[in-house]
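Data block below; observations after.
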Amino acid sequence: MPELPEVETVRRGLSELIIGKQILSATSDTPKSFPNTVADVRQFMIDAKVTAVRRRAKVLLIDLSSDYSLVIHLKMTGQLVYVDAQARFGAGHPNDSLVNALPDKSTRVTMSFNDESMLFFNDQRKFGWVKLLPTAEIVNLPFMQKVGPEPLDLHFTAKQFRERFTRRARTNIKAAILDQSVVAGVGNIYADESLWGAKIHPKRLVGSITDAEFELLYTDVRAVMNLSIEKGGSSNRNYVNAEGKRGSYMDFANVFRREGLPCPRCGTTIEKLRVAGRGTHICPFCQVL
DNA sequence: CACTTGACCTGTCCGC
DNA sequence: TGCGGACAGGTCAAGT
């Protein structure tokens with residue numbers, strides 16, 4: 001899924017597309033994907049206007065004028081795709097190949113707005129979810145309580161970054177950096193990319209990593225995420241932005257899904273291994289145990 | 001507590 | 001062409 005840069009890309013897109021619009025309908029055939037009752041939807045969602053679109057870690061928050069919010073996690077294969085009235089009804093719209101097919105068999109939630117535009121939550125694997133909750137209760141959710149700091153926060157320092165890892169000293173760095181309670185938003189792609197950037201082997205124990213290496217990792221996590229946001233995220237398989245378009249970060253990836261190809265830094269053949277239960281890509285020359 | 005593994009789902013790809 | 005198994009961007013609930 002969508003890691004921080006992909007969710008941020010969706011957030012930015014939706015901010016431009018749905019703020020101020022009034023929700024006319026919201027339906028789902030998949031209770032697991034959208035557990036709220038019809039009565040809740042009617043009372044707190046229908047006729048409400050979108051007031052803001054926010055993000056915390058990999059969670060997207062759509063605030064409504066009812067003081068409720070849609071809390072959305074895309075997990076592995078979730079998409080939020082907006083379709084405007086012209087794309088729905090007009091012929092030859094530039095977007096039509098991607099958005100005219102909606103809804104499709106992976107559509108889990110369908111919403112419509114007062115300008116005849118629509119928003120679809122699609123999710124092939126059904127791991128993701130949309131939940132309608134009072135805005136004030138979001139901070140009390142268990143995930144929100146324990147999630148770590150935003151790595152792109154201007155006030156987040158390298159020292160704070162390093163100190164977040166002390167609790168996880170006895171595990172490997174890949175497992176630790178994927179742990180959302182350590183730092184928010186890093187997933188499998190950006191874990192591999194940033195560890196390559198900092199020349200740290202993903203199996204290195206956290207306790208063995210030096211301050212200088214943490215400084216590099218801090219810099220690379222931020223650099224990789226900023227670049228990916230600039231490129232509209234990574235479309236490894238399913239990911240698309242709010243307009244149904246793919247991101248291009250994978251064209252700039254150094255190791256992720258590049259096994260068998262040369263390391264851009266030294267030319268050594270990139271290898272794939274398994275670390276923390278996840279497919280993991282390294283340069284065996286740049287990243288040593 | 002910290003750490004590891006399996007479960008949740010659907011779809012695709014790869015080897016036989 | 002079919003079938004079985006591994007694997008896929010994430011998190012949780014169980015185990016130890």
Side-chain angles (χ1 to χ4, degrees), chain A residues 1-10 28-35 55-60 71-80 104-109 121-131 141-148 164-195 202-208 221 224-225 227-229 231-241 246-260 272-281:
Chain A
M1 125 150 196
E3 305 179 30
L4 185 154
E6 289 74 35
V7 180
E8 176 62 17
T9 301
V10 172
S28 173
D29 295 326
T30 320
K32 181 179 155 56
S33 304
F34 188 35
R55 179 190 60 75
R56 175 73 171 101
K58 302 174 190 173
V59 176
L60 196 72
V71 184
I72 302 171
H73 203 307
L74 304 175
K75 291 291 181 83
M76 299 284 262
T77 55
Q79 308 172 330
L80 275 173
D104 64 21
K105 67 177 172 182
S106 69
T107 299
R108 310 302 174 197
V109 185
F121 175 67
N122 270 27
D123 184 15
Q124 180 181 100
R125 294 175 73 179
K126 300 182 186 171
F127 290 171
W129 38 258
V130 177
K131 292 172 185 171
L141 294 173
F143 179 89
M144 293 297 182
Q145 288 279 311
K146 70 180 185 193
V147 71
R164 298 291 303 174
F165 285 87
T166 52
R167 202 165 40 86
R168 305 296 312 266
R170 290 149 45 85
T171 191
N172 61 64
I173 186 66
K174 172 108 184 204
I177 200 166
L178 289 173
D179 182 342
Q180 300 298 293
S181 71
V182 173
V183 179
V186 182
N188 207 33
I189 298 175
Y190 305 109
D192 284 6
E193 290 295 308
S194 57
L195 288 169
K203 285 187 176 171
R204 288 271 305 283
L205 290 184
V206 171
S208 80
V221 164
V224 154
M225 289 201 165
L227 174 62
S228 184
I229 292 170
K231 301 300 175 188
S234 298
S235 289
N236 189 5
R237 318 185 105 102
N238 298 280
Y239 169 75
V240 292
N241 70 11
R246 299 164 64 81
S248 68
Y249 177 83
M250 287 303 288
D251 297 341
F252 300 84
N254 291 300
V255 287
F256 192 80
R257 286 198 54 178
R258 296 181 60 79
E259 61 271 29
K272 184 173 181 182
L273 44 152
R274 202 143 193 93
V275 184
R278 313 297 300 276
T280 299
H281 311 76

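Owing to the predicted nature of the structure, the values given are computational and were not obtained by experimental measurement. Lettering follows sequence order; numbering is per chain, from 1.
Residue A:Ser106 is out of contact with every strand shown, counting any heavy-atom pair closer than 4.0 Å. As judged by a 4.0 angstrom heavy-atom cut-off over every strand, A:Gly128 is placed among residues making no nucleic acid contact. Residue A:Asn188 is in sugar-phosphate contact alone, with no base atom involved, counting any heavy-atom pair closer than 4.0 Å across all strands shown. Residue contacts shown for A:Gly187 are limited to sugar-phosphate atoms, with no base heavy atom under 4.0 Å away. Note on A:Arg274: only backbone sugar-phosphate atoms sit closer than 4.0 angstrom, heavy atoms only; bases stay farther off. When heavy atoms are screened at a 4.0 angstrom cut-off, A:Phe256 is found touching the sugar-phosphate backbone but no base atom.
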Toss me the dot-bracket line for DNA chain C: Watson-Crick and G-U wobble, both under 3.5 Å, 5' to 3', using | for pairs to another strand and [ ] for crossers. .|||||||.|||||||

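Between A:Asn238 and A:Gln79, the shortest heavy-atom distance links the atoms O-NE2, 2.6 Å.
In this structure, the side chains of A:Pro35 and A:Lys131 come closer than 4.5 Å at one or more pairs of heavy atoms. Side chains of A:Arg56 and A:Phe143 form no contact here, defined as non-hydrogen atoms less than 4.5 Å apart. Proximity of A:Ser181 to A:Arg167: side-chain heavy atoms (C-beta onward) are separated by under 4.5 Å at one or more points. Between A:Leu4 and A:Tyr190, every side-chain heavy-atom pair lies at or beyond the 4.5 Å cut-off. A 4.5 Å side-chain heavy-atom check between A:Trp129 and A:Asp123 finds every atom pair outside the cut-off. Counting only heavy atoms from C-beta outward, the side chains of A:Glu6 and A:Ser234 approach each other to under 4.5 Å. Taking the side chain as every heavy atom from C-beta outward, A:Ile189 and A:Arg257 never approach each other to under 4.5 Å.
Counting to the nearest Å, the C1' atom of B:dG11 and the CE atom of A:Met76 are 12 Å from each other. Atom NZ in A:Lys146 sits about 7 Å away from atom C1' in C:dC12, given to the nearest Å. A:Glu6 has its CD atom 14 Å from the C1' atom of C:dA8, to the nearest Å. Put simply, CD on A:Glu259 is 18 Å from P on C:dA6, counting in whole angstrom units. A straight line from CG of A:Leu178 to P of B:dT5 spans 14 Å, rounded to a whole angstrom. Distance CD (A:Gln180) to P (C:dA13): 15 Å, rounded to an integer number of Å. Distance A:Lys131 NZ to C:dT11 P: 13 Å, rounded to the nearest Å. When rounded to the nearest whole Å, the span between CG of A:Leu74 and P of C:dG10 equals 11 Å.
The separation of C:dC12 from B:dG11, taken at their P atoms, amounts to 24 Å, rounded to a whole angstrom. The C1' atoms of C:dT11 and B:dT12 are separated by 23 Å, rounded to the nearest whole Å. Here the separation of B:dT5 from C:dA6, taken at their P atoms, is 16 Å to the nearest Å.
A:Lys203 meets the side chain to side chain contact (heavy atoms under 4.5 Å, CB included) test with A:His201, A:Leu273, A:Val275, A:Leu289; sequence neighbours excluded. Applying the side chain to side chain contact (heavy atoms under 4.5 Å, CB included) test to A:Phe165 and every residue at least two apart in sequence or in another chain returns A:Phe161, A:Ile173, A:Ala176, A:Ile177, A:Val182, A:Val183, A:Val206, A:Phe214. Under the side-chain hydrogen bond (donor to acceptor under 3.5 Å, both in side chains) criterion, A:Tyr249 pairs with A:Glu193, not counting sequence neighbours.
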For nucleotides 6-10 of chain B, list the nitrogen or oxygen atoms of the protein found under 3.5 Å from its nitrogen or oxygen atoms, one pair per line.
residue	atom	partner	partner atom	Å
B:dC9	O2	A:Arg125	NE	2.9
B:dC9	N3	A:Arg125	NH2	3.2
B:dT10	OP1	A:Lys126	NZ	2.8
B:dT10	O4'	A:Gln124	O	3.4

Every protein N/O within reach of nucleotides 1-4 of chain B N/O, cut-off under 3.5 Å:
residue	atom	partner	partner atom	Å
B:dC3	OP1	A:Arg170	N	2.8
B:dC3	OP1	A:Thr171	N	3.4
B:dC3	OP2	A:Arg168	NE	2.4
B:dT4	OP2	A:Thr171	OG1	2.7

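Side chains of A:Lys174 and A:Thr280: a donor on one and an acceptor on the other come within 3.5 Å.
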